[in-house]
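Since the structure comes first, as structure tokens, the remarks are kept for the end.
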2 protein chains.
Amino acid sequence: MNTSDRISVDLQEGVDTMSYKEDVRMIKALADENRLRILECLHHGEKCACVILEELSITQSTLSHHMKLLCDCGLVDSRKDGRWMHYSISEEGKNRFKDMFSHYLETIDSDGGCSCDKCE
Amino acid sequence: MNTSDRISVDLQEGVDTMSYKEDVRMIKALADENRLRILECLHHGEKCACVILEELSITQSTLSHHMKLLCDCGLVDSRKDGRWMHYSISEEGKNRFKDMFSHYLETIDSDGGCSCDKCE
DNA sequence: CAGATGTATTCATACTTGTCAATATATCGA
DNA sequence: TCGATATATTGACAAGTATGAATACATCTG
């Protein structure tokens, strides 16, 4: 994926600000210690909420809050089974994240000179 | 890089909480619309602060704040040239970021069953 | 149906963070 | 040396967020 691929997503109106906002929302979903722990918890497959809760030092309502953020950004899938909620990494979400990060972390070889009209 | 690679980084004491904290710090460095714009600005090579400033709708002091965060987390290198500051993506930092994200976004095939002793 | 249990929601609170104005610092040019 | 210019720092403030207690909701079990 290259720059123009992503920019083309942004149509006339929202000026491309939309894409940044959504990307920030995705990134923020990862920007928390406990949510990183939760993701590691899900590395090996689906887990139910009570198992995740035992691995963390937080209350149940806080876990529910974190799971909501992870699900809302598309990185985690949820499945309700009776009283229990099962969570797992979404393959599709995972790939969307990888693409996004690749985009911002890429560098494109060029002359590398500063295009500033003042300095240099 | 696999899970044990990263966990081995955390020695006895800080209990591995250190690694999470550092990872969160890195992720938060990306979790802002303007900082994402700055990174795109640097895709094609080194740029001086005044050029970056022209591309964003923020004041100079705000830009300075953002650049500090990006540099402190190791993703951006800075070079002072007289009055001007030149910024560029750090290749090494970029790779550290990629490794970290790969870690949290990986999934390891296994049975996938829930290890909970209550449900199912 | 009634109590127990797993999860979600609401609310209040402490903390973090993005922003700008004002100011400080550093460097250049005359 | 003195003013201009580029960047950094400080301080204040509004907005966002992680947290837990209390409570609501849903589902199971007897």
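Labels below follow one simple rule: chain letters A, B, ... track the order of the sequence lines, proteins then strands, and each chain is numbered from 1.
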d(OH, Y20(A); P, dG18(C)) in whole Å: 17 Å
Integer-rounded Å distance: dT27(C) P and H86(B) NE2: 14 Å
Length of the line joining I27(B):CD1 and dT16(C):P, which is rounded to integer Å: 18 Å
Under-3.5 Å N/O pairs linking protein and nucleotides 28-30 of chain C:
from: dC28(C); atom 1: O4'; to: R83(B); atom 2: NE; distance (Å): 3.4

Interatomic distance, K80(B) NZ vs dT5(D) C1' [rounded to whole Å]: 12 Å
pair I27(A)-F97(A): side-chain heavy atoms closer than 4.5 Å: no
Those residues that, when tested against S78(B), pass side-chain contact (heavy atoms from CB on, under 4.5 Å) (two or more places apart): C71(B), M85(B), Y87(B)
Residues that S64(A) engages under side-chain contact (heavy atoms from CB on, under 4.5 Å), provided they are two or more places apart: Q60(A)
B/S/- contact track for nucleotides 10-22 of chain D, protein heavy atom under 4.0 Å: -------SSBBBB
Separation of dG18(C) P from L30(B) CG (nearest whole Å): 12 Å
Test item: K47(A) side-chain N/O and C41(A) main-chain N/O as donor-acceptor pair under 3.5 Å: yes
Partner set under side-chain hydrogen bond (donor to acceptor under 3.5 Å, both in side chains) for E22(A), not counting sequence neighbours: R25(A)
Partner residues of E33(B) under the side-chain contact (heavy atoms from CB on, under 4.5 Å) criterion, sequence neighbours left out: T17(A), Y20(A), K21(A), V24(A), R37(B)
Between dT7(D) (C1') and I38(B) (CD1): distance, integer Å: 14 Å
R79(B) CZ - dT7(D) P separation (whole Å): 12 Å
Those residues that, when tested against H66(B), pass side-chain contact (heavy atoms from CB on, under 4.5 Å) (two or more places apart): D32(B), N34(B), R35(B), I38(B), I58(B), T62(B)
Residues forming a side-chain hydrogen bond (donor to acceptor under 3.5 Å, both in side chains) with K94(A), sequence neighbours excluded: E91(A), T107(B)
Partners meeting salt bridge (Lys or Arg N to Asp or Glu O under 4.0 Å) with R83(B) (sequence neighbours left out): none
Euclidean distance, atom OH of residue Y87(B) to atom P of dT7(D) [Å, nearest integer]: 7 Å
